[in-house]
Chemist: 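After the structure tokens below, expect a handful of questions from me.
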Amino acid sequence: MTEITLTAPQGTTLGFDILQVFPFTSETKRMGIIVRDKGTGEIVFYMKGADTVMSAIVQYNDWLMEEVDNMAREGLRTLVVARKTLTEEQYADFEQRFQAAKLSVVNRSAQVAAVVESLQRDMSLLCVTGVEDKLQDGVRQTLEMLRNAGIKIWMLTGDKLETATCIAKSSKLVARTQDIHIFKSVSTRSEAHQELNAFRRKQDTALVIRGDSLEVCLEYYEHELMELVAVAPAVVCCRCSPEQKAAVVRLIERHSGKRAAAVGDGGNDVSMIQAASVGVGIVGKEGKQASLASDFSISQFSHIGRLLLVHGRNSYKRSASLSQFVIHRGLIITVMQAIFSAVFYFSSVSLYQGFLMVGYATVYTMLPVFALVLDRDVTGEIAITYPELYKELTKGRSLSYKTFFIWVLISIYQGGVIIFGALLLFEDEFIHVVAISYTALILTELTMVALTIRTWHPIMLLAEVASILIYFLSLIVLRDFFDSDFIQSVDFVWKTLVITSVSCLPLYLVKFLRKRFSPPSYQKLQ
């Protein structure tokens, strides 16, 4: 774009030629443009940026910082706008030096920045703008919900301390019953030590700290600071650059050993989103940079409640069930083979030949096992209404060494029952052992899937029925592996049912008694 046309409030049209554009960067915290008025030929350099950097650029005045602080206390996000008129000779000299710096081979970016900064001196202050950063719908309720779910929330922002404090209060990031400790600006080790001791004496207090003070504390007292903020109900870091936001996220994960989810909606949040274990981008008026750089994209902040408490919780529980069930499915047939080999003097004879081994892990049990990804213990509405259910995930009871060894013991018990039962009940031919044990194995696996499911889905039922039909159809087709006369006899039916019952019934009784006398939290809500 080389020109711009504006319409004044009086209805007149103003035309400008764009000579230079200096985009915003997180280091400079300002942006500028040089334009030439088509009507008068006047060359003007306009610049806007944060008050911390613009106060040193504009000419001296006694009202700038006072007005900025007043707006910040009202929760407004402030910008300072300044201008500077350039003569043709001044601009020609600047352009010559600017082009030479851009063509430089050594330290090009530093030379370009130095030339631009030479222009940013003694600028005339035009105005200070204050814009209300209006909260989206449901932000307060979502933050309260996440707090009840046991999730610690930090707010990392580039706003002034007063603005950040006002937003933290209005968004209910800090509860009504909690106090706010504003960490004083520190620059030395002794000052940092004094402020940390002052914060240590306070209980159930949210912390508000500036980015420069945070750097000083991390330089001298990183471990002590992280211990203090770990127990704080909420932390607000203001005046943070994008690099500081990313560094804080990495610091939290390193010291706490837990996963951090970074939520942002602007280009300044991209580095923070990419540094976190999970990045969530919000598509908003500030563009789609954060959304494109994230793992998950949402349109409103309130959607993060459902993303974590419903989808995140279901994903964790389903992954835990599926992974342990896949281990059980492989271990039970391994136990059977080991016992079979031990009984027959460790001979190198496979219990199941050819297609039976492949079919067990694929066509016969694959559909019901993988249908467990559709299981859920509570509805989405209950999970959102009672966010405390999410807090139980932090205890790791769904997937732990204890649950792993329980499934190992179940696999050993069921594998032993099936193979010993088949060996005890068979009469004269080895092929009968294969038919009885293999059928009992398939039925046991399908029964265990049914016992594990907490909420039935139509696809789950279809997977169970389809697997049973496929197996009994293959009994007729696979004549090389099964004796067709024997599988049609009463002996085959009752022996298979007895073995399957002995392997599954005790586990069902244990599950029933546990639900009756020590039900889990989700079952109490159903």
Side-chain angles (χ1 to χ4, degrees), residues 1-87 90-91 94 113 115-135 157-167 170 210-212 238-242 265-268 284-287:
M1 190 168 64
T2 59
E3 61 180 22
I4 186 172
T5 303
L6 303 176
T7 303
Q10 297 82 9
T12 57
T13 302
L14 304 175
F16 298 91
D17 291 322
I18 299 176
L19 303 180
Q20 298 289 345
V21 176
F22 310 111
F24 174 86
T25 64
S26 58
E27 291 80 15
T28 61
K29 296 182 180 179
R30 55 187 181 270
M31 61 187 302
I33 186 172
I34 300 177
V35 296
R36 176 188 279 115
D37 193 324
K38 290 184 178 181
T40 62
E42 183 184 31
I43 300 176
V44 184
F45 173 37
Y46 291 98
M47 175 165 284
K48 68 174 183 177
D51 58 276
T52 52
V53 294
M54 294 297 291
S55 59
I57 292 173
V58 299
Q59 296 173 352
Y60 174 77
N61 62 86
D62 57 357
W63 60 271
L64 173 60
M65 296 312 296
E66 182 181 354
E67 288 299 324
V68 167
D69 291 340
N70 290 337
M71 290 182 178
R73 278 189 286 269
E74 295 176 13
L76 304 180
R77 309 187 82 169
T78 57
L79 276 178
V80 179
V81 185
R83 60 166 284 170
K84 184 178 184 179
T85 303
L86 304 176
T87 64
Q90 286 176 322
Y91 177 72
F94 165 77
V115 172
V116 174
E117 286 179 5
S118 67
L119 203 63
Q120 301 169 356
R121 295 172 184 169
D122 295 327
M123 299 188 70
S124 302
L125 178 60
L126 275 181
C127 63
V128 179
T129 63
V131 180
E132 181 186 4
D133 193 9
K134 188 177 181 181
L135 294 174
T157 177
D159 293 333
K160 287 177 65 65
L161 185 142
E162 294 82 3
T163 306
T165 305
C166 185
I167 293 175
S170 62
R210 297 178 181 85
D212 53 356
C238 57
R239 285 303 188 198
C240 284
S241 65
D265 64 347
N268 289 342
K285 293 183 179 179
E286 295 191 29

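Quick caveat: nothing in here was measured; it's all calculated off a predicted structure.
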Chemist: To the closest 0.5 Å, what do you measure between CZ (Arg36) and CD (Glu42)?
Modeler: 11.0 Å

Chemist: Side chains of Arg30 and Ile57, heavy atoms from C-beta outward: is any pair under 4.5 Å?
Modeler: yes

Chemist: Just to verify, what does Asp37 make a salt bridge (Lys or Arg N to Asp or Glu O under 4.0 Å) with, not counting sequence neighbours?
Modeler: none

Chemist: Is any side-chain heavy atom of Val80 closer than 4.5 Å to a side-chain heavy atom of Ser55?
Modeler: no

Chemist: CD of Glu67 to CG of Asn61: how many Å apart, nearest 0.5 Å?
Modeler: 10.5 Å

Chemist: Return yes if some donor-acceptor pair links the side-chain N/O of Thr157 with the main-chain N/O of Cys238 below 3.5 Å, else return no.
Modeler: no

Chemist: Indicate the atoms forming the closest heavy-atom contact of Gln120 with Val116, along with that distance.
Modeler: NE2-CG1, 3.2 Å

Chemist: Would you say Pro242 and Asn268 make side-chain contact, with heavy atoms under 4.5 Å?
Modeler: yes

Chemist: Nearest 0.5 Å, what's the CZ-OG1 distance between Phe16 and Thr40?
Modeler: 7.5 Å

Chemist: Could you report the tightest heavy-atom contact between Phe24 and Met31, atom names first, then the distance?
Modeler: N-CB, 3.6 Å

Chemist: First locate atom CG of Asp69, then atom NZ of Lys160, and finally report the distance between them rounded to the nearest 0.5 Å.
Modeler: 4.5 Å

Chemist: List the steps, then state whether side-chain contact (heavy atoms from CB on, under 4.5 Å) holds for Leu64 with Asp51.
Modeler: CA-CA 8 Å; Leu64 173 60; Asp51 58 276; 5.6 Å; no

Chemist: Assess the residue pair Met71 and Thr163 against the criterion (side-chain contact (heavy atoms from CB on, under 4.5 Å)); give the C-alpha distance rounded to whole Å, side-chain angles, the decisive distance to 0.1 Å, and a yes or no.
Modeler: CA-CA 8 Å; Met71 290 182 178; Thr163 306; over 6 Å; no

Chemist: Search all heavy atoms of Val68 against all heavy atoms of Thr78 and return the closest pair with its distance.
Modeler: CG1-OG1, 3.8 Å

Chemist: Is a side-chain N or O of Arg239 found less than 3.5 angstrom from the main chain of Gly158, in a donor-acceptor match?
Modeler: yes

Chemist: Return the CE to CE distance between Met65 and Met54, rounded to the nearest 0.5 Å.
Modeler: 12.0 Å

Chemist: Could you tell me which residues satisfy side chain to side chain contact (heavy atoms under 4.5 Å, CB included) with Ala56, sequence neighbours excluded, listed by chain and number?
Modeler: none

Chemist: In Å and rounded to the nearest 0.5 Å, what is the CD1 to CD1 distance from Ile33 to Ile18?
Modeler: 4.5 Å

Chemist: Any ring-ring contact (aromatic ring centres under 6.0 Å, His included) involving residues 33-54? Give me the pairs, sequence neighbours left out, ordered by first then second residue.
Modeler: Phe22-Phe45

Chemist: Side chain to side chain contact (heavy atoms under 4.5 Å, CB included) with Leu86: which of Leu19, Val44, Leu119?
Modeler: Leu119

Chemist: With a 4.5 Å heavy-atom cut-off, do Trp63 and Leu125 have their side chains touching?
Modeler: yes

Chemist: State, yes or no, whether a side-chain contact exists between Thr13 and Thr5 at a heavy-atom distance under 4.5 Å.
Modeler: yes

Chemist: Less than 4.0 Å between a side-chain N and a carboxylate O, is that true for Asp122 and Lys84?
Modeler: no

Chemist: Okay, side chain of Ser170, backbone of Cys166: is any donor-acceptor separation there less than 3.5 Å?
Modeler: yes

